[in-house]
Number of protein chains: 2
Amino acid sequence: MKHQINHEKDLQNAGLESTPVRQAVLHIIEEQKSPIDVASIVSSLESHNIKADKVTVYRILDLLAEKGLIARLEFQEGKFRYEVATSDHHHLICLNCGKIDAIEDNWIEDLEKEIKQKKGFIVQRHSIEFYGLCAECQKKST
Amino acid sequence: MKHQINHEKDLQNAGLESTPVRQAVLHIIEEQKSPIDVASIVSSLESHNIKADKVTVYRILDLLAEKGLIARLEFQEGKFRYEVATSDHHHLICLNCGKIDAIEDNWIEDLEKEIKQKKGFIVQRHSIEFYGLCAECQKKST
DNA sequence: TTAGGTGCAAATGATTTGCAATAAT
DNA sequence: ATTATTGCAAATCATTTGCACCTAA
């Protein structure tokens, strides 16, 4: 369980000034179980009674992503989502209920080695998402 | 080597009326070696002297994707790209020169089985991209 | 003639830019 | 004072919607 105070450290470690808005944005992204979009971050700030302009949020997100504190994702929605940068995992997006789950795996590392061997291409990061039906929706909608 | 005439068949097989613009869009996407965005498709139509509104192109792309003739992709650019739907492969996007290569693999099928076992999630489609440095750019930029 | 295809104008949504106001060191 | 942070207005870019017009079966 992380507390707000840790975000101050995280920010400082990343060489960023720790401001209330930055801490709050980091906190909101962290307390979220699945990747969150900018509009949701903005309204979450409002409900936390933290006054911050949308533009400021965009700029903070750019900074945090640049410094590697958060990861920027796309789920074929025409917008970005963010999550805290943690151990490697891939997202499972249910096409029926929209729920986003995640899974870790041991396959991709080997696949990236193969990419290096076959293509000489060095993978720095990847974007891997699976779209389908979660267990619950298979029962309901089928 | 496919000819325009095949696109007529492709469209009809998909249950779509074969119009000049639809054939041209399909042709442009097919002659492209890597996934192409909408703006490029529109200007390509212009240079082929085919008059078509941007909106029409969007609608055609939606149709073609819906019918499975083309695939809709995202490369973290905030816009969509399209390619002909072919055998399964993943994209290698060079962060230095922007070149987009592709690779086939035998890993993902097994990973999707594991997802089914571990999570009960049934994968219908996936989005898998690797970002890094292509062989040429490793020589130059390093 | 009738449904589907297209064009044009305008709306929407996400993101970015410029610049002035503000806060922190 | 000087630099970085934020707010506000407006611009930009990708995509969508509404509606009228046109065209092929």
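Side-chain atoms are counted along with the backbone in the values below, which use heavy atoms only and exclude waters and symmetry mates. Below, chain A is the first sequence line, B the second, and so on; all start at residue 1. If you're wondering where the values come from, they're calculated on a predicted model, not measured in any experiment.
Of the possible donor and acceptor atoms, one in the side chain of A:Q138 sits under 3.5 Å from a partner among the backbone N and O of A:L133.
Closest to the side chain of B:D53, out of C:dC8, C:dT6, D:dT6, is C:dC8. Taking every side-chain heavy atom of A:Y58 into account, C:dT15 is the closest of D:dT6, D:dT15, C:dT15. For B:T56, counting side-chain heavy atoms from C-beta on, the closest listed nucleotide (C:dT16, C:dT6, C:dT15) is C:dT6. Of the candidates D:dC8, D:dT5, C:dG5, C:dG5 carries the atom nearest the B:R22 side chain, counting heavy atoms from C-beta on.
Atom pair A:L61:CG and C:dT15:P shows a separation of 9 Å (rounding to whole Å applied). Atom CZ in A:R81 sits roughly 11 Å away from atom P in C:dT15 (whole-Å rounding). Regarding A:E66, its CD atom lies at a distance of 15 Å from the C1' atom of D:dT5, rounded to whole Å. The interatomic distance linking A:K54 (NZ) with D:dA10 (P) rounds to 14 Å, in whole Å. One interatomic measurement links the two molecules: CG of B:D62 to C1' of D:dT17, which rounds to 12 Å at whole-angstrom precision. Between the P atom of D:dT6 and the CG atom of A:L45 lies a distance of 11 Å, rounded to the nearest Å. Following rounding to the nearest Å, B:Q23 (CD) and C:dT6 (C1') show an atom-to-atom distance of 16 Å. One atom, CG of A:L73, and another, P of C:dT15, lie 12 Å apart when rounded to the nearest Å.
Of the two residues contacting DNA chain D, namely B:E17 and B:F80, the nearest-nucleotide position lying further toward the 5' end is that of B:F80.
Side-chain N/O atoms of B:R59 and base N/O atoms of C:dG4 include no donor-acceptor pair closer than 3.5 Å.
In this structure, A:R72 is not positioned above the aromatic face of A:Y82 in the sense of NZ or CZ being under 6.0 Å from the six-membered ring centre and within 45° of the axis.
In this structure, B:T19 reaches the C:dT6 phosphate: one of its side-chain N or O atoms is under 4.0 Å from OP1 or OP2.
Just one residue in the list A:I41, A:D62, A:I28 forms a side-chain contact (heavy atoms from CB on, under 4.5 Å) with A:V57, and that residue is A:I41.
Among the heavy atoms of the strands, none lies under 4.0 Å from A:A39.
Within the structure, the salt bridge (charged side-chain N to carboxylate O under 4.0 Å, His left out) test picks out the following pairs touching residues 94-108 of chain A (sequence neighbours left out): A:K99-A:E136, A:D101-B:K119.
In this structure, the side chain to side chain contact (heavy atoms under 4.5 Å, CB included) partners of B:D37, at least two apart in sequence or on a different chain, are B:A39, B:S40, B:K79, B:R81.
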